[in-house]
Amino acid sequence: MKISENRYLQGFCLIVVFLGIIRAAVPRVGMSAVERKTTDSIQFLNDSLQAVQDSIQAVQDSLENEKRMKEEAEMEAREKAAEEAEKQAKAAEKQKEAKAEEGKNASERNVANGPTKASRFFNADGTPARHRIVSVRSYSDAFPDLQEVQVISAKKWGVTPVQDRAEAESRKAELVYVGSNPYFFIEPLYWSIPYLVPKAAVLLQDIGRNFLDSLQVKGLPSHKIIVTSLLRTKEEVARMKHYNGNVSENSCHMYGTTFDIAYNRYLRVEEDRPYSKQNTVADVRLKQILSEVLDDLRKEGRCWVKYEVKQGCFHATVR
């Protein structure tokens, strides 16, 4: 069969088009091995680049989301702080108004009742004052005044020693009777009699009153101090030497200027009986408060004080 030139050209064109379609659909067809490797490498690089771009985009999205959450949290915190500041400002304003009202009422009371004096028992706002127990560092160091020191003041302010109780009764112009009262308790006396010179009696009264005041400002129950010894006659000093060879023949007690206060026993006012271990206030606390009172008066130059360990008392002489 004879093929015309036109038919040949048509067939050739159809074959070329068909091969082009195949090459476009399957690019690797007709490629050499080097071309296929190059194509694969390029494709791998493109895929990797796309993966990196996707990762970068994910990180950027995460940072953006975190930034947005942080901004929201900061805004919420600022709103809460503003609310809290507003509450505090309102509370402070109310407190200020309450104080102003209280001051106004206090001023009205002062106008009605006259000016008030400062008190150790109450604060400026009228509430009860409370003081802590300070005591002294060492009882022996705070109260070291020996017989040699105290007897000088005893001779200066006291009476000439009395022989016996009968003579003491006849010398009431120089001596005053000292008995139990709201400020102190005199326990039964076996080695002394209840007399002191007026100056010493006033000192004892002040000690008892200051002790009660100190208990009140420290918020403790009222207790009286217990006085164990007062004026001793020559006869009593002589009798005591039979039992205690350390008793001085020139005892300060003979001049009516000296007295002993127990530091390990107290009389609770509500019970009207000597202090016992069942009570709520420990002996050591009462002793500390009594030491504060004595230390203050000693520093004011009103008395000499000796801490007597064996006798369990503070031995005081008026100055």
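The residues of the chain are indexed from 1 along the displayed sequence.
Atom CD of residue E86 and atom CD of residue E84 lie 10.5 Å apart, to the nearest 0.5 angstrom. Atom CG of N181 sits about 7.5 Å away from atom CG of L204, to the nearest 0.5 Å. Annotation: the span from E167 atom CD to I193 atom CD1 amounts to 9.5 Å, rounded to 0.5 Å. Rounding to the nearest 0.5 angstrom, the gap separating the CZ atom in R285 from the CG atom in L220 is 5.0 Å. Between I289 atom CD1 and N210 atom CG the span is 12.5 Å, to the nearest 0.5 Å. Atom NZ of residue K156 and atom OG1 of residue T317 lie 13.5 Å apart, to the nearest 0.5 angstrom.
The ring-ring contact (aromatic ring centres under 6.0 Å, His included) with F211 is formed by just one residue from the set F314, F184, Y183, Y266; it is Y266.
Nearest approach of I225 to I207, heavy atoms of both residues: CD1-CG2, 3.9 Å. L189 and P194 make their closest contact through CD1-N, 3.7 Å (heavy atoms, listed as atom of the first residue, atom of the second, distance). Contact record, P182 with K224: O-CE, 3.7 Å, taken as the closest heavy-atom pair. Among all heavy-atom pairs drawn from Y263 and C313, the shortest one is CE2-N, 3.1 Å. What you find for G312 and N264 is that their closest heavy atoms are O-OD1, 3.9 Å.
For the residue pair R232 and T258, no side-chain donor N or O sits within less than 3.5 Å of a side-chain acceptor on the partner.
Under the 4.5 Å side-chain criterion, counting only non-hydrogen atoms from C-beta, Q163 is not in contact with T233. No side-chain heavy atom of D260 sits less than 4.5 Å from a side-chain heavy atom of E308. The shortest distance between side-chain heavy atoms of S291 and F143 falls below 4.5 Å. Taking 4.5 Å as the limit, every side-chain heavy atom of L196 sits out of range of all side-chain heavy atoms of L203. In this structure, the side chains of Q150 and H315 come closer than 4.5 Å at one or more pairs of heavy atoms. Here the side chains of N250 and V237 are not in contact, with every heavy-atom distance at 4.5 Å or above. Contact check for Q205 versus V202: no side-chain heavy atoms found under the 4.5 Å cut-off. Counting only heavy atoms from C-beta outward, the side chains of R165 and E236 approach each other to under 4.5 Å.
Residue pairs meeting the side chain to side chain donor-acceptor pair (under 3.5 Å) criterion with at least one partner in residues 184-199, sequence neighbours excluded, are E169-Y195, E187-R265. Contacts classified as side chain to side chain donor-acceptor pair (under 3.5 Å) and involving residues 297-307 (residues at least two apart or in different chains) are given here: D145-R298, S153-W304, D206-R302, K287-Y307, D295-K299. Sorted by first and then second residue, the salt bridge (Lys or Arg N to Asp or Glu O under 4.0 Å) pairs involving residues 56-67 (not counting sequence neighbours) form an empty list.
The backbone N or O of L230 sits less than 3.5 Å from a side-chain atom of H253, completing a donor-acceptor pair.
Between R239 and E235 there is no salt bridge, since no side-chain N of the basic residue sits under 4.0 Å from a carboxylate O of the acidic one. A salt bridge links K218 and E292; the closest N-O separation between the charged side-chain nitrogens and carboxylate oxygens is under 4.0 Å.
Hydrophobic clustering (ILVMFWY, side-chain heavy atoms < 4.5 Å, transitive): Y177 and V227 are in distinct clusters. Grouping the Ile, Leu, Val, Met, Phe, Trp and Tyr side chains by contacts below 4.5 angstrom, directly or via other members, places V309 with L290. Connection of L231 to I186 is not established within any shared hydrophobic cluster, with ILVMFWY side chains joined at heavy-atom distances below 4.5 Å, either directly or through further cluster members. V159 and V151 fall into different hydrophobic clusters, where Ile, Leu, Val, Met, Phe, Trp and Tyr side chains are chained together by heavy-atom contacts under 4.5 Å. Linking Ile, Leu, Val, Met, Phe, Trp and Tyr whenever their side-chain heavy atoms come within less than 4.5 Å puts I133 and V136 in one cluster.
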Just do the side chain to side chain contact (heavy atoms under 4.5 Å, CB included) check on L175 and V197 with the steps written out, would you? CA-CA 5 Å; L175 299 167; V197 296; 4.0 Å; yes
